[in-house]
Amino acid sequence: MKTVEQINEKIKRGEAVVMTAEEVVQLARESSVKEVAKKVDVVTTATFAPMCSSGAFINFGHTMPPMRMEKIQLSGVDVYGGLAAVDGYVGATQESQEDKTFGGAHIIEALIKGKNLQLKTSGKGTDCYPRKQFEGYINKEVINDFFLFNPRNAYQNYAAATNSSDLTIYTYMGKLLPNFGNVTYSTSGELSPLLKDPNMYTIGLGTRIFLCGTDGYVIWPGTQFRNDVETNRYGVPISAARTISVIGDAKKMNHRYIKAAYFKGYGVTLFVGIGVPIPILNEEIAFFASLGNEQIETEVKDYGKEGRPTLMRVNYAQLRSGYIEIGGKKVKTSSISSLSMAREIAAVLKTWIESGTFLITSPVQLFNEERSIKSLKEVSAKIEKEDKPECVDCGACVSLCPFDALLLVDGKFTFLREKCTMCLQCSDACPVGVKLPPDE
């Protein structure tokens, strides 16, 4: 048994043994899991794949005079402005109104590269934010904040895709030829972070990771996180299961490890480079880290039929061979994620740790709560009665009353009817909609 603190002390002394996941798989083949647990301190994993559920928060800074940016566009791409005066969120898959092959992913990549982007924004104008329009150019040096906040990344396994129909179809898994013309898949297999720690014993809230060339953090279970899926005889999920939500300073990112993309017939997406260090704390963690492509399996689903039925189960050694057999037919396979980039990221993360510039972290919370995925079900159309506004004791009305009929006593709203003259200075001041002055 080791602890994260012990491993970090070895990292600081330059004595930690750090290996990429592929190197550990080879070591386990040549020796044993017990030897891996004894010898290795940290395993570096990585993936570089399309991750649509990604995006970035941007704080543009205040104009003079200030304005509340309600409708925002960056180079023709809508940015969500329902946050605050000058904050926006650009989603990776948000498409340009003029060019559907260009979108939020391209905006994010361009900003990381330091390029200038056209900002168009408007608001209704208020007493505190009187300006109604702004148009000009921005780049990452002139904006205040620019950080990735990706709701769902690094899927733990993902089904391979094929197509039994008579038509070519275009999907987020790429172009699928008719009559089982090809198979595509999207993970780095034995290098993939959540496949090498399938129960997430070491990955959780606060885990420091490689995110697009700089430090990032795991901040929550990713959306569509589920841990109720079938596992194979090695304990590895055989279908889409856990995900992670991540955050990182996009101003410090390296554009080599983040790339905008467009899948014909589907839309814009974003290749995201993620590397996760797995501390080898015990033999169980070493066992999972040592599993090779032949021991990690996934399902092959038929995207040509409704419901995408599962056709078969294959392992990643078979998929990486370039061919699998479906119904007696030899079918070509290809990955839509990059193995070479994943290898590069795992190697870079290894050098960071070996040099002592990257220490590993213990999660402050593991993601072991049982979760499953719900399908969207329409609720009854019955109109529900509106809730009566409730006072939240904020005090926004108190300073408006010239007769001290409205007070905060020990932080609680108090109304003194006998002092109220019904001047109605308070009548339009409650931010949650409580009638003022009160009836009681």
Side-chain angles (χ1 to χ4, degrees), residues 50-153 211-214 216 245-273 428 431:
M51 301 186 197
C52 293
S53 187
S54 300
F57 282 101
I58 302 170
N59 180 281
F60 296 99
H62 282 285
T63 58
M64 289 300 290
M67 70 177 293
R68 180 179 175 183
M69 297 179 177
E70 295 172 280
K71 293 182 179 179
I72 308 171
Q73 275 194 353
L74 277 174
S75 295
V77 177
D78 287 338
V79 176
Y80 178 68
L83 295 165
V86 292
D87 289 312
Y89 183 83
V90 56
T93 61
Q94 183 68 50
E95 297 174 350
S96 164
Q97 295 182 6
E98 292 80 28
D99 179 4
K100 298 303 180 186
T101 67
F102 182 88
H106 300 84
I107 295 296
I108 293 168
E109 182 183 355
L111 275 177
I112 290 173
K113 286 180 172 176
K115 292 187 175 181
N116 295 325
L117 296 174
Q118 185 184 43
L119 171 64
K120 286 184 179 179
T121 180
S122 62
K124 60 180 174 290
T126 69
D127 290 342
C128 49
Y129 293 117
R131 188 162 180 162
K132 294 183 178 180
Q133 289 187 323
F134 175 86
E135 184 171 342
Y137 286 84
I138 58 110
N139 57 47
K140 70 176 179 181
E141 300 303 325
V142 302
I143 56 179
N144 288 311
D145 299 288
F146 172 37
F147 55 90
L148 283 195
F149 189 113
N150 298 349
R152 182 173 66 255
N153 280 177
L211 182 59
C212 305
T214 189
S245 180
V246 302
I247 194 169
D249 188 349
K251 285 192 174 186
K252 298 177 181 176
M253 290 178 179
N254 184 338
H255 60 82
R256 176 167 176 75
Y257 302 112
I258 186 166
K259 295 291 181 187
Y262 170 73
F263 279 69
K264 182 179 178 181
Y266 167 68
V268 174
T269 186
L270 185 66
F271 279 83
V272 179
D428 57 358

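What you see below is based on every heavy atom in this structure, not just the backbone, and it leaves out hydrogens, waters and symmetry mates. Positions are given from 1, in the same order as the sequence printed here.
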Could you list the residues that satisfy side chain to side chain contact (heavy atoms under 4.5 Å, CB included) with Phe134, not counting sequence neighbours?
Thr63, Met67, Leu119, Thr121, Arg131

Separation of [Y] [atom2] from [X] [atom1] (nearest 0.5 Å):
X	Y	atom1	atom2	answer
Asn150	Cys52	CG	SG	11.0 Å
Arg152	Ser54	CZ	OG	9.0 Å
Asp78	Lys120	CG	NZ	11.5 Å
Ile112	Lys252	CD1	NZ	13.5 Å
Leu111	Asn139	CG	CG	8.0 Å
Phe271	Glu109	CZ	CD	11.0 Å

If the plane angle is over 60° it's perpendicular, under 30° parallel, otherwise tilted; pick one for Phe102 and His106.
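The arrangement is parallel - the two ring planes meet at less than 30°.
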
Heavy-atom pair of closest approach, residues [X] and [Y]:
X	Y	answer
Ala92	Leu270	CB-CB, 3.9 Å
Pro65	Pro130	CB-CG, 4.0 Å
Ile72	Gly81	CD1-CA, 3.8 Å
Leu117	Ala110	CD2-CB, 4.0 Å
Cys212	Val272	SG-CG1, 3.8 Å
Pro50	Phe263	CG-CZ, 3.9 Å

Using side-chain heavy atoms (C-beta onward) and a distance below 4.5 Å, is Ile247 in contact with Leu211?
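SC-SC contact between Ile247 and Leu211 ruled out.
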
Is there side-chain contact between Val90 and Leu74, with heavy atoms separated by less than 4.5 Å?
no

Examine distances only and state if a side-chain atom of [X] and a backbone atom of [Y] form a donor-acceptor pair shorter than 3.5 Å.
X	Y	result
Gln94	Val77	no
Lys251	Lys140	yes
Ser75	Gln118	yes

Using the ring pair (Phe, Tyr, Trp, His ring centres under 6.0 Å) rule, pick out the option among Tyr80, Phe147, Phe149, Phe57 that qualifies with Tyr89.
Phe57

Yes or no on side chain to side chain donor-acceptor pair (under 3.5 Å) for Asn59 and Asp145, after CA distance, side-chain angles and deciding distance?
CA-CA 5 Å; Asn59 180 281; Asp145 299 288; 4.8 Å; no

If you count heavy atoms of other groups shown closer than 6.0 angstrom to NZ of Lys113, is the number above 12?
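Buried by this count: over 12 neighbours within 6.0 Å.
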
Around atom NZ of Lys132, are there more than 12 heavy atoms from other residues, nucleotides or ligands closer than 6.0 Å?
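Incorrect, the count does not exceed 12.
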
Test log, rule side chain to side chain contact (heavy atoms under 4.5 Å, CB included), inputs Val246 and Leu148
CA-CA 8 Å; Val246 302; Leu148 283 195; over 6 Å; no

Working note: His62 + Tyr129, criterion side chain to side chain contact (heavy atoms under 4.5 Å, CB included); need CA distance, chi angles, decisive distance, verdict.
CA-CA 10 Å; His62 282 285; Tyr129 293 117; 3.7 Å; yes

